[in-house]
Amino acid sequence: MDWFNERVIKNGWDKLMSEDLWINITKISIKITIILIASWLAVRLGKKFIKKVFLMRMRSPLDHSERRQTTISRLLQSVISYVVYFSAIVAILSILEIKIAGLLAGAGIVGLAIGFGAQSLVKDVITGFFIIFEDQFGVGDYIKINAAEGTVVEIGLRTTKINGSTGEQFIIPNGSIGEVVNYSVNNSKIYIDLQMTTDANFEKAEAIIKKYLNTLPDMHKELVAVPVFLGVQNVKGTEVTIRIAAETLPQQQHGVARTIRRDVTKLFEEHNIPMAQPKMMFYGVNEEGRSE
């Protein structure tokens, strides 16, 4: 029995130290290394080529769909990575003389078991395709999906990534996307309410505001038209609420609203037009325990 074990060990050692074995290992290693390097270069060059092609299209005066071009460019860059690296894996398996057909046949039972779990993946891919095909939203759009709200940074066939306003990132499977609110497609509208006292000169305030509003489009290119003074919106006690409406390019309304509030407040101060101030009521208790 000992001689048998020694013979097995000797044969194993001879095979391990065989020159042909190490030549084959060296050849296989070189081929795998070449495939990996070639795949990395193909992905890198492919992404650069796609980026350059779409950059030229976006610079063209005949093509104004910049957001759609950016979305498709990002998607194609992801697809080329998947295709190249999958092909590299298949090539490496072939070099190692691992039969792909045998693996697929052996995985048939396992594939059947996980088929139900893959339904969500298929749903994600199909939904992602239609999001891009129908141009529902694109990279750079400000959207709201369920509880996620922010700027789209990436749309893939499986997931969509959104950066929130406070720095968080939402990664949403495309299959779970239902109702989408896109704030970047149409012009934005804003209503600005200001409070005056009931004894203020309303006609004077209206004239000052309208004169000021007519100067805004020349100073703010984000405005689509001259803001409109809508007049008195509400009267409550000694307060009169006046309203201004403005239309801006998508997602530019907040900055314009802040500017209008600041400037109108300053104009009212310069022309002695009183604005309503918040009032505070103090209640006390006298020595007899009654409120005053």
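A quick note: this is a predicted structure, and the numbers were derived from the prediction, not measured.
Take Y142 and apply the ring pair (Phe, Tyr, Trp, His ring centres under 6.0 Å) test, not counting sequence neighbours, and it matches Y183. With sequence neighbours left out, N187 forms a side-chain hydrogen bond (donor to acceptor under 3.5 Å, both in side chains) with E247. Judged as a side-chain hydrogen bond (donor to acceptor under 3.5 Å, both in side chains), and not counting sequence neighbours, the contacts of T166 are E168. A search for salt bridge (Lys or Arg N to Asp or Glu O under 4.0 Å) contacts involving K161 returns E154, not counting sequence neighbours. The side-chain contact (heavy atoms from CB on, under 4.5 Å) search around I172 returns I145, A148, I162, F170, S176, I177, not counting sequence neighbours. Taking the side-chain hydrogen bond (donor to acceptor under 3.5 Å, both in side chains) definition, one finds that E206 meets it with K210, sequence neighbours left out. Residues that satisfy the side-chain contact (heavy atoms from CB on, under 4.5 Å) test with E270, not counting sequence neighbours, are K266, L267. In this view, Q253 and S188 satisfy the side-chain hydrogen bond (donor to acceptor under 3.5 Å, both in side chains) rule, not counting sequence neighbours. R243 is linked by a side-chain contact (heavy atoms from CB on, under 4.5 Å) to Y191, D193, L230, Q233, counting only residues two or more places apart in sequence or in another chain. Under the side-chain contact (heavy atoms from CB on, under 4.5 Å) criterion, N214 pairs with V226, not counting sequence neighbours.
Listed by first and then second residue, the salt bridge (charged side-chain N to carboxylate O under 4.0 Å, His left out) pairs involving residues 211-238 amount to none (not counting sequence neighbours). Counting only residues at least two apart or in different chains, ring-ring contact (aromatic ring centres under 6.0 Å, His included) contacts with residues 202-237 are absent.
Across all their heavy atoms, S39 and V84 have their closest contact at O-CG1, 3.6 Å. Minimum heavy-atom separation, A200 to I273: CB-CG2, 4.2 Å. Nearest heavy atom pair, residue Q169 against residue N163, reads NE2-OD1, 3.0 Å. The two residues I155 and G138 make their nearest non-hydrogen contact at CD1-CA, 3.8 Å. What you find for P227 and L213 is that their closest heavy atoms are O-CD1, 3.6 Å. The shortest non-hydrogen separation linking N146 to K144 is O-CE, 3.6 Å.
A distance of 11.5 Å separates CG in N272 from CG in N201, rounded to the nearest 0.5 Å. I242 CD1 to Q195 CD: the interatomic distance, rounded to the nearest 0.5 Å, is 8.5 Å. Atom CD1 of I260 sits about 11.0 Å away from atom OG1 of T265, to the nearest 0.5 Å. Here L216 contributes atom CG and L223 contributes atom CG; the two are 6.0 Å apart, rounded to the nearest 0.5 Å.
Cluster membership check: F130 does not share its hydrophobic cluster with V181, using side-chain heavy-atom separations under 4.5 Å among Ile, Leu, Val, Met, Phe, Trp and Tyr. Both M275 and V235 belong to a single network of hydrophobic side chains, linked directly or stepwise wherever heavy atoms of I, L, V, M, F, W or Y lie under 4.5 Å apart. A single hydrophobic cluster is seen to contain both I208 and M219, as judged by linkage of ILVMFWY side chains at heavy-atom distances under 4.5 Å, directly or through other members. Under the 4.5 Å side-chain heavy-atom criterion for Ile, Leu, Val, Met, Phe, Trp and Tyr, L249 and I143 are members of distinct hydrophobic clusters. There is no path of hydrophobic side-chain contacts, each under 4.5 Å, that joins I34 to L41.
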>> side chain to side chain contact (heavy atoms under 4.5 Å, CB included), that's the test. Do I131 and V180 meet it? Break it down for me.
In response: CA-CA 11 Å; I131 288 173; V180 179; over 6 Å; no

>> Set out, in order, the CA-CA distance, both residues' side-chain angles and the distance that settles side chain to side chain contact (heavy atoms under 4.5 Å, CB included) for K123 and I126, then state yes or no.
In response: CA-CA 5 Å; K123 183 180 179 182; I126 293 175; 6.0 Å; no

> Do Q251 and S184 pass the side chain to side chain contact (heavy atoms under 4.5 Å, CB included) test, and can you show the C-alpha distance, the side-chain angles, and the key distance before you say yes or no?
Replying inline: CA-CA 6 Å; Q251 290 300 296; S184 299; 4.1 Å; yes

> After noting the C-alpha distance and the side-chain angles of L36 and I92, does the key distance pass the side chain to side chain contact (heavy atoms under 4.5 Å, CB included) rule?
Replying inline: CA-CA 9 Å; L36 293 175; I92 291 172; 3.9 Å; yes

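When side chains are defined from C-beta on, I80 counts as touching K47, because their heavy atoms get closer than 4.5 Å.
Counted within 6.0 Å of NZ on K189, heavy atoms from surrounding residues, nucleotides or ligands total 12 or fewer; the atom is thus considered open.
In the model, N174 has a side-chain atom that pairs as donor or acceptor with a side-chain atom of T160 under 3.5 Å.
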